[in-house]
Amino acid sequence: MSSMIRKGLGYTSLAVMLTAIFMVFDWAPTEAEQGIAQRIFYFHVPCAWVAFAAFGIVALASLFYLWLGERIWDDLAYAAAEIGMVFCTLVLLTGSLWAKPIWGVWWTWDSRLTTTFILWLMYGGYLLLRASADDSPQVARFAAVVGIVAALDVPIVIVSVRLWRTIHPAVLITKTGEHGLEDPRMVVTLLVSLVAFTIFFIWLLMLRFAQLRARTRLCRMGQEIALAEVRAGDA
Amino acid sequence: MEHFTFLVAAYSAIFVVIFLYVLFVWRRQAALEAQLREMEERMKELNEGSRGDESLPSRHP
(Lines give C-alpha, C1' and ligand atoms only; values in the text may rest on other atoms or scores of the structure.)
Protein backbone atom coordinates (compact mmCIF):
# COMPACT_ATOMS: atom_id res chain seq x y z
CA MET A 1 0.00 0.00 0.00
CA SER A 2 2.69 2.50 1.03
CA SER A 3 4.75 1.53 -2.02
CA MET A 4 1.70 2.31 -4.22
CA ILE A 5 1.36 5.73 -2.53
CA ARG A 6 5.10 6.35 -3.02
CA LYS A 7 4.87 5.42 -6.69
CA GLY A 8 1.84 7.68 -7.17
CA LEU A 9 3.60 10.56 -5.42
CA GLY A 10 6.71 10.01 -7.56
CA TYR A 11 4.79 10.23 -10.82
CA THR A 12 2.70 13.18 -9.58
CA SER A 13 5.79 15.12 -8.52
CA LEU A 14 7.41 14.44 -11.90
CA ALA A 15 4.32 15.70 -13.75
CA VAL A 16 3.97 18.85 -11.61
CA MET A 17 7.73 19.49 -11.82
CA LEU A 18 7.62 19.35 -15.63
CA THR A 19 4.65 21.74 -15.60
CA ALA A 20 6.60 24.08 -13.30
CA ILE A 21 9.64 23.99 -15.62
CA PHE A 22 7.44 24.87 -18.61
CA MET A 23 5.89 27.77 -16.65
CA VAL A 24 9.28 29.08 -15.47
CA PHE A 25 10.88 29.09 -18.90
CA ASP A 26 7.95 29.78 -21.20
CA TRP A 27 4.85 31.07 -19.42
CA ALA A 28 6.04 33.50 -16.73
CA PRO A 29 6.97 36.96 -18.01
CA THR A 30 10.51 38.32 -17.68
CA GLU A 31 10.90 40.69 -14.75
CA ALA A 32 11.63 44.27 -15.81
CA GLU A 33 14.52 45.14 -13.46
CA GLN A 34 16.41 41.85 -12.95
CA GLY A 35 15.74 40.35 -16.36
CA ILE A 36 16.10 36.63 -17.00
CA ALA A 37 18.12 35.99 -13.79
CA GLN A 38 14.93 36.57 -11.77
CA ARG A 39 13.65 33.20 -13.05
CA ILE A 40 16.14 31.49 -10.71
CA PHE A 41 13.84 32.61 -7.89
CA TYR A 42 11.01 30.22 -8.96
CA PHE A 43 13.06 27.19 -7.84
CA HIS A 44 15.22 28.98 -5.23
CA VAL A 45 12.23 29.77 -2.98
CA PRO A 46 10.75 26.23 -3.12
CA CYS A 47 14.22 24.82 -2.26
CA ALA A 48 14.27 27.07 0.81
CA TRP A 49 10.72 26.03 1.73
CA VAL A 50 11.60 22.32 1.51
CA ALA A 51 14.80 22.84 3.55
CA PHE A 52 12.89 24.70 6.29
CA ALA A 53 10.07 22.13 6.33
CA ALA A 54 12.61 19.29 6.54
CA PHE A 55 14.49 20.93 9.42
CA GLY A 56 11.15 21.56 11.17
CA ILE A 57 10.42 17.83 10.89
CA VAL A 58 13.91 17.08 12.28
CA ALA A 59 13.14 19.22 15.34
CA LEU A 60 9.70 17.68 15.93
CA ALA A 61 10.85 14.09 15.37
CA SER A 62 13.89 14.69 17.62
CA LEU A 63 11.62 16.04 20.36
CA PHE A 64 9.44 12.93 20.09
CA TYR A 65 12.55 10.73 20.16
CA LEU A 66 13.83 12.39 23.35
CA TRP A 67 10.37 12.12 24.89
CA LEU A 68 9.35 8.59 23.86
CA GLY A 69 12.72 7.01 23.08
CA GLU A 70 11.32 5.14 20.07
CA ARG A 71 13.75 4.53 17.22
CA ILE A 72 11.14 5.37 14.56
CA TRP A 73 11.39 9.09 15.45
CA ASP A 74 15.15 9.05 15.20
CA ASP A 75 14.92 7.45 11.74
CA LEU A 76 12.43 10.13 10.65
CA ALA A 77 14.70 12.92 11.95
CA TYR A 78 17.72 11.46 10.16
CA ALA A 79 15.84 11.11 6.84
CA ALA A 80 14.49 14.67 7.07
CA ALA A 81 17.91 16.13 7.99
CA GLU A 82 19.54 14.51 4.99
CA ILE A 83 16.90 15.86 2.57
CA GLY A 84 16.94 19.28 4.26
CA MET A 85 20.70 19.44 3.79
CA VAL A 86 20.40 18.67 0.05
CA PHE A 87 17.88 21.48 -0.42
CA CYS A 88 19.74 23.92 1.86
CA THR A 89 22.83 23.35 -0.33
CA LEU A 90 20.68 24.15 -3.38
CA VAL A 91 19.42 27.34 -1.73
CA LEU A 92 23.00 28.54 -1.23
CA LEU A 93 24.07 27.50 -4.73
CA THR A 94 21.14 29.05 -6.59
CA GLY A 95 21.25 32.15 -4.38
CA SER A 96 24.89 32.64 -5.27
CA LEU A 97 24.15 32.19 -8.97
CA TRP A 98 21.41 34.82 -8.69
CA ALA A 99 23.57 37.22 -6.64
CA LYS A 100 26.44 37.39 -9.12
CA PRO A 101 24.49 39.02 -12.00
CA ILE A 102 22.23 41.12 -9.71
CA TRP A 103 24.58 42.23 -6.90
CA GLY A 104 27.85 41.73 -8.77
CA VAL A 105 29.26 39.34 -6.13
CA TRP A 106 28.94 35.60 -5.55
CA TRP A 107 28.59 36.03 -1.80
CA THR A 108 28.12 38.75 0.80
CA TRP A 109 27.81 38.44 4.58
CA ASP A 110 24.22 39.66 4.52
CA SER A 111 21.99 38.65 7.47
CA ARG A 112 19.87 36.17 5.52
CA LEU A 113 22.81 34.62 3.72
CA THR A 114 24.84 34.35 6.91
CA THR A 115 22.02 32.79 8.96
CA THR A 116 21.30 30.32 6.12
CA PHE A 117 24.99 29.41 5.96
CA ILE A 118 25.01 28.84 9.74
CA LEU A 119 21.96 26.58 9.32
CA TRP A 120 23.80 24.62 6.61
CA LEU A 121 26.88 24.27 8.83
CA MET A 122 24.86 23.06 11.81
CA TYR A 123 23.03 20.37 9.86
CA GLY A 124 26.31 19.47 8.16
CA GLY A 125 27.61 18.81 11.68
CA TYR A 126 24.48 16.78 12.49
CA LEU A 127 24.99 14.56 9.43
CA LEU A 128 28.73 14.20 10.09
CA LEU A 129 27.90 13.04 13.61
CA ARG A 130 25.41 10.49 12.25
CA ALA A 131 27.85 9.25 9.62
CA SER A 132 30.93 8.99 11.83
CA ALA A 133 29.43 7.59 15.06
CA ASP A 134 27.70 4.27 15.66
CA ASP A 135 23.93 3.76 15.88
CA SER A 136 23.80 3.67 19.68
CA PRO A 137 20.95 5.37 21.61
CA GLN A 138 23.50 7.80 23.15
CA VAL A 139 24.52 9.08 19.70
CA ALA A 140 20.87 9.27 18.64
CA ARG A 141 20.04 11.35 21.76
CA PHE A 142 22.98 13.68 21.16
CA ALA A 143 21.99 14.04 17.48
CA ALA A 144 18.42 14.81 18.54
CA VAL A 145 19.63 17.68 20.74
CA VAL A 146 21.80 19.03 17.87
CA GLY A 147 18.82 18.70 15.48
CA ILE A 148 16.55 20.71 17.80
CA VAL A 149 19.13 23.43 18.52
CA ALA A 150 19.98 23.79 14.80
CA ALA A 151 16.29 24.13 13.88
CA LEU A 152 16.07 27.21 16.13
CA ASP A 153 17.96 29.01 13.35
CA VAL A 154 15.08 28.49 10.86
CA PRO A 155 12.80 31.24 12.28
CA ILE A 156 15.87 33.49 12.56
CA VAL A 157 16.57 32.99 8.83
CA ILE A 158 12.94 33.82 8.02
CA VAL A 159 12.75 37.02 10.07
CA SER A 160 16.35 38.09 9.39
CA VAL A 161 15.28 40.40 6.56
CA ARG A 162 13.05 42.27 9.01
CA LEU A 163 15.35 42.24 12.03
CA TRP A 164 18.54 43.49 10.41
CA ARG A 165 19.50 45.74 7.54
CA THR A 166 19.75 43.54 4.48
CA ILE A 167 20.11 43.66 0.72
CA HIS A 168 18.25 40.39 0.27
CA PRO A 169 14.92 41.09 -1.46
CA ALA A 170 11.72 40.37 0.48
CA VAL A 171 9.94 39.04 -2.59
CA LEU A 172 7.04 37.19 -1.03
CA ILE A 173 5.93 39.85 1.44
CA THR A 174 7.66 43.23 1.44
CA LYS A 175 8.07 45.49 4.46
CA THR A 176 4.95 47.41 3.35
CA GLY A 177 2.92 44.18 3.47
CA GLU A 178 2.59 43.68 -0.28
CA HIS A 179 4.13 40.92 -2.36
CA GLY A 180 7.00 41.75 -4.66
CA LEU A 181 5.71 39.92 -7.74
CA GLU A 182 4.29 42.33 -10.28
CA ASP A 183 2.44 39.89 -12.55
CA PRO A 184 -0.19 37.27 -11.48
CA ARG A 185 1.53 34.74 -13.78
CA MET A 186 4.66 35.08 -11.64
CA VAL A 187 2.63 34.27 -8.51
CA VAL A 188 0.99 31.23 -10.17
CA THR A 189 4.38 29.97 -11.42
CA LEU A 190 5.83 30.25 -7.92
CA LEU A 191 2.83 28.45 -6.41
CA VAL A 192 3.07 25.59 -8.93
CA SER A 193 6.82 25.27 -8.21
CA LEU A 194 6.09 25.20 -4.47
CA VAL A 195 3.52 22.42 -4.97
CA ALA A 196 5.96 20.47 -7.19
CA PHE A 197 8.75 20.68 -4.62
CA THR A 198 6.43 19.84 -1.72
CA ILE A 199 5.19 16.64 -3.42
CA PHE A 200 8.76 15.74 -4.38
CA PHE A 201 9.88 16.30 -0.79
CA ILE A 202 7.12 14.07 0.63
CA TRP A 203 8.05 11.35 -1.89
CA LEU A 204 11.76 11.56 -1.03
CA LEU A 205 11.07 11.60 2.71
CA MET A 206 8.82 8.52 2.50
CA LEU A 207 11.44 6.70 0.46
CA ARG A 208 14.41 7.54 2.69
CA PHE A 209 12.43 6.99 5.88
CA ALA A 210 11.34 3.52 4.69
CA GLN A 211 14.99 2.74 3.93
CA LEU A 212 16.17 3.81 7.37
CA ARG A 213 13.39 1.76 8.99
CA ALA A 214 14.47 -1.25 6.93
CA ARG A 215 18.09 -0.67 7.96
CA THR A 216 17.09 -0.57 11.64
CA ARG A 217 15.14 -3.85 11.24
CA LEU A 218 18.07 -5.44 9.43
CA CYS A 219 20.41 -4.46 12.27
CA ARG A 220 18.10 -6.14 14.78
CA MET A 221 17.81 -9.18 12.54
CA GLY A 222 21.62 -9.36 12.32
CA GLN A 223 21.89 -9.28 16.12
CA GLU A 224 19.29 -12.05 16.47
CA ILE A 225 21.07 -14.21 13.89
CA ALA A 226 24.41 -13.70 15.65
CA LEU A 227 22.78 -14.73 18.93
CA ALA A 228 21.19 -17.79 17.31
CA GLU A 229 24.56 -18.76 15.83
CA VAL A 230 26.21 -18.56 19.24
CA ARG A 231 23.44 -20.71 20.74
CA ALA A 232 23.68 -23.21 17.88
CA GLY A 233 27.46 -23.40 18.46
CA ASP A 234 26.95 -24.03 22.18
CA ALA A 235 24.40 -26.83 21.60
CA MET B 1 19.16 37.30 -22.91
CA GLU B 2 21.78 38.80 -20.60
CA HIS B 3 22.62 36.54 -17.64
CA PHE B 4 21.29 33.46 -19.47
CA THR B 5 24.39 31.50 -18.37
CA PHE B 6 23.54 32.07 -14.70
CA LEU B 7 19.98 30.87 -15.24
CA VAL B 8 21.18 27.70 -16.98
CA ALA B 9 23.85 27.13 -14.30
CA ALA B 10 21.31 27.51 -11.47
CA TYR B 11 18.78 25.08 -12.95
CA SER B 12 21.55 22.65 -13.95
CA ALA B 13 22.85 22.72 -10.35
CA ILE B 14 19.36 21.95 -9.04
CA PHE B 15 18.82 19.01 -11.39
CA VAL B 16 22.33 17.59 -10.99
CA VAL B 17 22.22 17.71 -7.16
CA ILE B 18 18.72 16.20 -7.06
CA PHE B 19 19.73 13.51 -9.58
CA LEU B 20 22.82 12.62 -7.53
CA TYR B 21 20.78 12.38 -4.33
CA VAL B 22 18.11 10.19 -5.96
CA LEU B 23 20.93 8.01 -7.34
CA PHE B 24 22.40 7.71 -3.82
CA VAL B 25 18.98 6.73 -2.42
CA TRP B 26 18.47 4.20 -5.23
CA ARG B 27 21.90 2.61 -4.62
CA ARG B 28 21.18 2.40 -0.88
CA GLN B 29 17.91 0.63 -1.72
CA ALA B 30 19.75 -1.93 -3.87
CA ALA B 31 22.33 -2.49 -1.09
CA LEU B 32 19.57 -2.96 1.51
CA GLU B 33 17.76 -5.48 -0.67
CA ALA B 34 20.99 -7.45 -1.16
CA GLN B 35 21.61 -7.41 2.61
CA LEU B 36 18.06 -8.58 3.26
CA ARG B 37 18.43 -11.50 0.82
CA GLU B 38 21.73 -12.47 2.48
CA MET B 39 20.14 -12.46 5.94
CA GLU B 40 17.15 -14.45 4.78
CA GLU B 41 19.51 -17.08 3.35
CA ARG B 42 21.47 -17.20 6.60
CA MET B 43 18.28 -17.55 8.61
CA LYS B 44 17.07 -20.35 6.35
CA GLU B 45 20.36 -22.19 6.85
CA LEU B 46 20.11 -21.77 10.62
CA ASN B 47 16.50 -22.98 10.67
CA GLU B 48 17.40 -26.03 8.59
CA GLY B 49 20.47 -26.75 10.74
CA SER B 50 18.57 -26.91 13.99
CA ARG B 51 14.90 -27.70 13.33
CA GLY B 52 12.69 -27.55 16.37
CA ASP B 53 15.05 -25.29 18.32
CA GLU B 54 12.82 -22.58 19.83
CA SER B 55 15.74 -20.30 20.48
CA LEU B 56 16.04 -19.40 16.77
CA PRO B 57 14.80 -15.95 15.81
CA SER B 58 11.44 -15.55 14.16
CA ARG B 59 11.33 -14.22 10.57
CA HIS B 60 10.82 -10.52 10.26
CA PRO B 61 8.15 -9.21 7.91
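Values below: all heavy atoms of this structure, side chains included; hydrogens, waters and symmetry mates excluded. As the structure is a computational prediction, the values presented were derived from the model and not from experiment. Order of the sequence lines fixes the chain letters, A, B, ..., with proteins taken first and strands second; residue numbering starts at 1 for each chain.
Counting non-hydrogen atoms of other residues, nucleotides and ligands closer than 6.0 Å to OH of A:Tyr11 gives a total of 12 or fewer. Atom CH2 of A:Trp98 sits in a crowded spot, with more than 12 heavy atoms from other residues, nucleotides or ligands closer than 6.0 Å. Atom CH2 of B:Trp26 has 12 or fewer heavy atoms from other residues, nucleotides or ligands within 6.0 Å.
To the nearest 0.5 Å, the span separating CZ on A:Arg215 from CD on B:Gln35 amounts to 9.5 Å. Put simply, NE2 on B:His3 and CG on A:Leu97 are 12.5 Å apart, with the number rounded to the nearest 0.5 Å. Distance check: A:Ile21 CD1 to B:Ile14 CD1 gives 9.0 Å after rounding to the nearest 0.5 Å. Atom CE in A:Met17 sits 5.5 Å away from atom CD1 in B:Ile18 (nearest 0.5 Å). Distance CZ/B:Arg28 to CG/A:Leu207: 12.0 Å, rounded to 0.5 Å. The CZ atom of A:Arg217 lies 12.5 Å from the CE atom of B:Met39; values are rounded to the nearest 0.5 Å.
Classification of the A:Phe43-B:Phe15 ring pair by plane angle, with boundaries at 30° and 60°, yields perpendicular.
Inter-residue side-chain proximity for A:Val86 and B:Phe24 is flagged as unmet; no heavy-atom pair is nearer than 4.5 Å. By the 4.5 Å heavy-atom criterion applied to side chains, A:Phe25 and B:Leu7 are counted as neighbours.
The part of B:Tyr21 that comes within reach of chain A is its side chain, from C-beta onward, which places non-hydrogen atoms under 4.5 angstrom from that chain. For A:Ile83, the parts lying under 4.5 angstrom from a heavy atom of chain B are both the backbone and the side chain.
Ranked by heavy-atom pairs under 4.5 Å with chain B, the first of A:Leu204, A:Leu90, A:Thr30 is A:Leu90.
For the pair B:Leu32 and A:Ala214, the tightest heavy-atom approach, listed with the atom from each and the gap, is CD1-CB, 4.3 Å.
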